[in-house]
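Report on the structure given below.
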Protein chains: 2
Amino acid sequence: MSIQSEAIGRRKSRVGRPAKAEAAARTKETRDAILDVAEEIFSKHGFHGVTTREVARRAHVNTALIHYYFNTKQELFDAVFLRRAEVINAQRIQAMDDYESKLGDKVTVEGAIEAFLHPVLHVLQTGGPHWRNYFALVGLVNSSTAWGGEVMTRYFDPVIHRLIDLLQRAMPKATREDLYWSYNFLSGSLTLSLAETGRIDRLSDGVCKSTDIPAFEPRMIAYAAAGFRRVCEGKKPL
Amino acid sequence: MSIQSEAIGRRKSRVGRPAKAEAAARTKETRDAILDVAEEIFSKHGFHGVTTREVARRAHVNTALIHYYFNTKQELFDAVFLRRAEVINAQRIQAMDDYESKLGDKVTVEGAIEAFLHPVLHVLQTGGPHWRNYFALVGLVNSSTAWGGEVMTRYFDPVIHRLIDLLQRAMPKATREDLYWSYNFLSGSLTLSLAETGRIDRLSDGVCKSTDIPAFEPRMIAYAAAGFRRVCEGKKPL
DNA sequence: AACAAAATTAATCAGCCGATGAATTAATTC
DNA sequence: GAATTAATTCATCGGCTGATTAATTTTGTT
């Protein structure tokens with residue numbers, strides 16, 4: 001609401017080339033306004049469920065502006081995806097590096113998973129609605145066959161491989177096959193939670209709320225760690 | 001391929017009202033041909049990524065026929081979803097009922113999860129490509145915010161609640177909150193696997209294949225059961 | 001053989017889609 | 001203050017979309 005009003009005001013009062021000092025800021029403001037709106041509705045309806053006209057309308061911007069800033073609808077989508085991917089993935093790598101530096105050979109499965117998850121959950125809880133929209137979009141893209149091409153690979157794969165390496169250190173006897181299968185289960189659990197379909201809210205009749213990170217995080221870590229250990233270093237055969 | 005050739009042949013040779021004995025079969029043949037095609041491309045591109053024209057083209061059928069059999073695109077989508085939901089969900093309920101009848105108070109977490117999963121995995125492995133397309137669609141819908149309304153609720157909720165009840169019997173001290181959160185993790189793992197994005201194939205560099213059910217099933221059951229037990233009856237606090 | 005009913009086709013509609021190019025506004029530079 | 005450049009708008013294009021309607025073909029009934 002506040003963002004929209006701002007945008008209206010700005011656009012009505014000043015049009016055309018902005019003052020030198022403001023130029024970059026103005027451009028970025030408009031660009032980000034478009035990206036925020038696109039992010040929100042892409043996350044709800046997917047690429048094909050969104051029209052550039054709708055993005056323009058909700059951002060209180062002329063349709064042609066979208067093509068001015070982002071040549072095509074596809075490039076707009078990629079830009080949405082990229083913007084926050086760079087930020088969050090750097091944080092996740094950093095968190096895992098820090099954790100390993102601190103614990104050395106004493107890394108645990110729980111610790112590794114927490115380092116992997118926590119930056120995401122932290123920003124989900126404190127970063128406002130934009131980040132929630134973003135991760136809902138990541139969740140949607142992640143479970144789509146046709147989607148998640150280059151961008152997904154280029155930015156998310158290193159984070160995943162960093163986690164696998166950490167877990168291999170925590171469980172030296174684990175096979176790569178078991179590690180990757182287990183990671184896939186972890187990834188699914190996270191993806192569905194990020195997507196925030198709200199299905200758990202209805203199923204549990206309000207007992208669980210999909211946005212309740214403090215309830216989610218410890219359970220997610222405990223669940224995944226127990227699963228990893230059972231599959232990767234369980235004594236009884238599968 | 002074979003289906004398409006069949007459809008071409010049939011449609012070129014006979015048009016119009018079919019013989020009485022064949023009438024129902026013919027109608028169902030055409031209907032199912034449309035449903036199969038729709039199922040396949042809906043599962044890859046989602047509702048908005050598919051056009052009725054594309055469905056018609058691939059089914060070798062006139063565009064208007066789609067509206068003749070299924071009034072709207074939306075109803076076509078629902079029909080795709082419903083067709084197999086009735087079949088598989090009956091099987092899953094049956095499997096869980098049978099399991100409980102057999103074990104009574106001795107139900108285990110592993111056993112409950114296996115009864116819940118196995119009908120799906122069985123049909124995935126033996127039911128041909130149609131079922132794989134269907135479950136990819138279920139996976140897609142399940143992780144979408146805007147989608148999965150009535151149909152999802154009406155047909156899948158009973159199966160889920162049946163599982164929760166079984167698990168509650170296996171773990172009498174478990175709280176409903178822990179059970180629902182854990183179920184959500186299980187659901188995510190399954191959903192991502194069903195979606196068959198093939199991401200694990202690439203990540204693991206071919207070590208894991210997303211279509212390899214015999215590798216998937218025992219790990220999935222062991223992983224989820226360990227997770228459930230840790231969250232729902234773990235001794236150490238979360 | 002005549003008639004009715006079902007399945008399928010052909011032609012078309014109104015509307016929205018992504019995208020483009022020319023015009024407009026305003027600030028910067030010289 | 002004229003020329004330049006950036007941001008934004010306006011008007012529009014060709015193409016595709018979901019849907020409808022009226023014909024047409026085939027089949028079943030009597």
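Throughout, a chain's letter reflects where its sequence line sits, starting with A, and its residues are numbered from 1.
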Test log, rule side-chain contact (heavy atoms from CB on, under 4.5 Å), inputs B:Thr197 and A:Asn142: CA-CA 8 Å; B:Thr197 59; A:Asn142 195 39; 5.8 Å; no
field: Gap between atoms OH and C1', on B:Tyr68 and C:dA11 respectively (whole Å)
entry: 19 Å
- request: Starting at atom CZ of A:Arg57, determine the distance to atom P of D:dT8, rounded to an integer number of angstrom.
  value: 19 Å
- prompt: Reckon B:Thr30 has a side-chain N or O less than 4.0 Å from the OP1 or OP2 of C:dA7?
  reply: no
- request: Report the distance from atom CD1 of A:Ile34 to atom C1' of D:dT9, rounded to the nearest whole Å.
  value: 13 Å
- prompt: Can you name the salt bridge (Lys or Arg N to Asp or Glu O under 4.0 Å) partners of A:Arg92, sequence neighbours left out?
  reply: none
query: Can you tell me how far CG of B:Leu137 sits from CD1 of B:Ile41, rounded to the nearest 0.5 angstrom?
result: 11.0 Å
- prompt: For B:Asn133, does its backbone N or O pair with a side-chain atom of B:Lys44 as donor and acceptor, under 3.5 Å?
  reply: no
query: What integer distance in Å separates B:Lys73:NZ from D:dT17:C1'?
result: 8 Å
statement: Side-chain contact check for A:Asn62: nearest option of D:dT9, D:dG18, C:dA19 is D:dT9
query: When the nearest nucleotide of DNA chain C is assigned to B:Ala64 and to A:Arg53 on a heavy-atom basis, which residue is associated with the more 5' position?
result: B:Ala64
- prompt: Which part of the nucleic acid, if any, lies within contact of B:Val55, taking any heavy atom under 4.0 Å across all strands shown: a base, the sugar-phosphate backbone alone, or nothing?
  reply: nothing
query: Separation of B:Leu65 atom CG from C:dT8 atom C1', in whole Å?
result: 5 Å
task: Report which part of the nucleic acid A:Thr63 touches: base, sugar-phosphate, or nothing (heavy-atom distance under 4.0 Å, all strands).
output: nothing
- request: Using whole Å, report how far NE2 of A:His67 lies from P of D:dA11.
  value: 18 Å
query: A:Gln74 has an atom CD; how far is it from atom C1' of C:dC17, in whole Å?
result: 16 Å
message: Nearest whole Å is fine: how far is C:dG21 C1' from A:Asn71 CG?
response: 14 Å
